[in-house]
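Along the sequence shown, residues carry numbers from 1. Basis for what follows: all heavy atoms, side chains included, without hydrogens, waters or symmetry-related copies. None of these values were measured; they are calculated from a predicted model.
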Amino acid sequence: MGEKYLTAPLPSSELPRGIPYIIGNEAAERFSFYGMRAILVIFMTKHLLARDGTLDVMTEEQAKTYFHLFTSSAYFFPLFGALISDGLLGKYRTIIGLSMLYCLGHLALAIDDTRLGLALGLTLIAIGAGGIKPCVSAHVGDQFGTRNQHLISRVFAWFYFSINLGAFISTLLTPKLLEKLGPSVAFAVPGVLMFVATVVFWAGRHKFVHVPAGGVRFVREAFSPVGLRAAMNLAVLYVFVAMFWSLYDQTGSSWVLQAERMDRRWMGVEWLSAQVQAVNPILILTFIPLFSYVIYPAINRVFPLTPLRKIAIGFFLAAAAFAIVTYVESLIASGAKPNIVWQIAAYAVMTAGEVMVSITCLELSYTQAPKTMKSFIMSLYLLSVAAGNLFTSGVNYFIQDEAGTSRLTGVQYFLFFTLFMLGGAIAFTIVARFYRGRTYIQDEQPV
């Protein structure tokens, strides 16, 4: 690498020194990603321009299709980032290199309001954001050895906390920037935060544990009986996790478009439809300590709350959240204009499901992965996000008629996804009973 870095965790029961840099990087990077994503549907349906400067906007169905296609791509490229990281460059160099590409994607969105700028910017962001995602998550776990592994769950919770802190601030800010200053500024600010994220990560290079790329060892372990068993065991679970993400990521598309037709006055403020998404990260900031220190211990007193049971409960909560927005859509269809508090209630239920599914899957994906396959297994988990969004994108594409409008009514659309998730949750509770896993933690540096 040129410089001398620590290549294995030091024997210690304390918090690893590199964790604050990783969490700081994640907060700024997630600000950039969620800030850009928060305004995508509104940008595509209200602000997109042709080359001659005239409006060239998309229909709602087209915008939802492209939104979920982009999100799917951003969670497909983790597979390539993981292969580069685990097989060739290691996590640190992969993250630094792809972060620069990520910054260029934000630049393209900021300087070009046409479909060309949109396509170029989203492609570069999908490659950059997707490529670094499994590496950053696995890099968190690499900082721990056997003596401080008891802190992994807590640090993954704080890692997720940082994600949602960045998402909360950016989801409130960027829709206002779009409304007041236009797309260029609204896309430029997230780009600046991505540059800050890259600098923060670079600044922590001498504090991190840099686990070397596995190289040939990675290939051997990936195709060994142990590696194949670990990947296949988790892949079965990830099929069901994909169903959760198919619903969850619609908070950035169909829920935003539904909010456009609702009374958005709440707590004395008229909220922009894209700003309502900020309810999710602020609830995450509240729910993480609430679940860790109150709800989980309370459930454990009734029955053992295993990771798979957490995920199953989260699936049922996602179905319940979509049942609420289905009811809201029925009110809108009847001519009413329901208050946004209904959708906020749905966000509360969906966010509770997210805490139980997403954080648990991050930890499970790291601890159940063999030592040279940490980024690769994390990328398989992220592929579940891609698969879920690809499914939603496909649904929105195939329900369009020749005029670009939907063949399903709004109520039918939301009811379809409610029943889809409910069926998946029931099936998962059966399949999860047969899961058998094994925990792998990195070796410590010899004393």
Separation between CD1 of Ile19 and CH2 of Trp158, rounded to the nearest 0.5 Å: 13.5 Å
Heavy-atom check, side chain of Phe201 versus side chain of His139, under 4.5 Å: yes
Residues, nucleotides or ligands: over 12 heavy atoms within 6.0 Å of Glu14 CD: no
Side chain Ser85, main chain Gly81, donor-acceptor under 3.5 Å: no
Ring centroid separation Phe322 to Phe420 under 6.0 Å: no
Side-chain (Asn396) to main-chain (Gln62) donor-acceptor, under 3.5 angstrom: no
Beyond-backbone contact of Arg37 with Thr71, side-chain heavy atoms, under 4.5 angstrom: yes
Interatomic distance, Ser73 atom OG to Leu122 atom CG [nearest 0.5 angstrom]: 9.0 Å
Distance-minimising heavy-atom pair for Ser254 and Phe414: OG-CE2, 3.6 Å
Residue pair Met350, Leu247: steps toward the side chain to side chain contact (heavy atoms under 4.5 Å, CB included) verdict: CA-CA 9 Å; Met350 180 65 84; Leu247 273 70; 4.3 Å; yes
Met243 and Phe315, any side-chain heavy atoms less than 4.5 Å apart: no
Axial cation check for Phe208 ring with Lys91, 6.0 Å and 45° limits: no
Non-hydrogen side-chain atoms of Leu383 and Pro78 separated by less than 4.5 Å: no
pair Glu260-Ile42: side-chain heavy atoms closer than 4.5 Å: yes
Residue pair Ala387 / Ala242: nearest heavy atoms and the distance that separates them: CB-CB, 4.0 Å
Polar side-chain atom of Arg264 near backbone of Ala259 as donor-acceptor pair, under 3.5 Å: yes
Donor-acceptor contact present, side-chain Gln143 to main-chain Pro9, <3.5 Å: no
Side-chain donor/acceptor of Ser184 to backbone N/O of Ala110, under 3.5 Å: yes
Phe195, CZ: over 12 other non-hydrogen atoms inside 6.0 angstrom: no
Near-ring test Phe70/Tyr66, centroid separation under 6.0 angstrom: no
Step-by-step side-chain hydrogen bond (donor to acceptor under 3.5 Å, both in side chains) determination, Gln277 to Thr171: CA-CA 7 Å; Gln277 299 170 77; Thr171 305; 5.8 Å; no
Side-chain donor-acceptor contact under 3.5 Å, Asn280 with Thr351: yes
Aromatic plane relationship, Trp271 with Trp266 - under 30° parallel, 30 to 60° tilted, over 60° perpendicular: tilted
Tyr366 side-chain N/O to Gly141 backbone N/O, donor-acceptor pair under 3.5 Å: yes
Inter-residue atom distance Leu120.CG - Asp112.CG, 0.5 Å rounding: 8.0 Å
cation_pi(Lys310, Tyr296) dist<6.0 Å, angle<=45: yes
Test item: side-chain donor near acceptor, Asp142 and Tyr92, under 3.5 Å: no
CZ on Phe67 to CG on Leu40, rounded to 0.5 Å: 6.5 Å
Tyr413 side chain to Gln250 side chain, donor-acceptor N/O pair below 3.5 angstrom: yes
Qualifying residues under side-chain contact (heavy atoms from CB on, under 4.5 Å), relative to Ser170, sequence neighbours excluded: Phe31, Tyr34
Pair Phe187 + His47: ring centers closer than 6.0 Å: no
Thr94 side, atom OG1; Ile132 side, atom CD1 - distance, nearest 0.5 Å: 10.5 Å
Asp249 and Lys64 ion-paired at < 4.0 Å: no
Gap separating the CD1 atom of Ile399 from the CD atom of Glu61, nearest 0.5 angstrom: 6.0 Å
Donor-acceptor contact below 3.5 Å, side chain Thr367 vs main chain Glu363: yes
Over all atoms of both residues, closest heavy-atom pair of Lys176 and Leu272: N-CD1, 4.1 Å
Ser384/Phe244 under side chain to side chain contact (heavy atoms under 4.5 Å, CB included): CA gap, chis, key distance, verdict: CA-CA 9 Å; Ser384 72; Phe244 171 82; over 6 Å; no
Min side-chain heavy-atom separation Val355-Ile295 under 4.5 Å: no
Minimum heavy-atom distance between Leu48 and Asp113, given as atom pair plus value: CD1-O, 3.4 Å
Exercise: do Tyr102 and Glu29 side chains pair donor with acceptor under 3.5 Å: yes
Close side-chain approach of Leu98 and Phe77, heavy atoms under 4.5 Å: no
Gln343 side chain vs Trp255 backbone, donor-acceptor pair below 3.5 Å: yes
Considering all heavy atoms, the nearest Cys361-Val241 contact: SG-CG2, 3.9 Å
Side chain to side chain contact (heavy atoms under 4.5 Å, CB included) assessment of Val385 paired with Phe76: CA-CA 8 Å; Val385 187; Phe76 175 75; over 6 Å; no
Over 12 non-hydrogen atoms of neighbours within 6.0 angstrom of CZ in Phe391: yes
Any side-chain heavy-atom pair of Met36 and Thr174 under 4.5 Å: no
OH/Tyr327: more than 12 non-hydrogen atoms of other groups inside 6.0 Å: no
Ser292 side-chain N/O to Pro289 backbone N/O, donor-acceptor pair under 3.5 Å: no
Evaluation steps, side chain to side chain contact (heavy atoms under 4.5 Å, CB included), between Asn389 and Leu69: CA-CA 7 Å; Asn389 278 275; Leu69 187 60; over 6 Å; no
Smallest separation among heavy atoms of Thr418 and Ala323, with atom names: OG1-N, 3.5 Å
Heavy-atom donor-acceptor pair, Thr392 side chain to Ser246 backbone, under 3.5 Å: yes
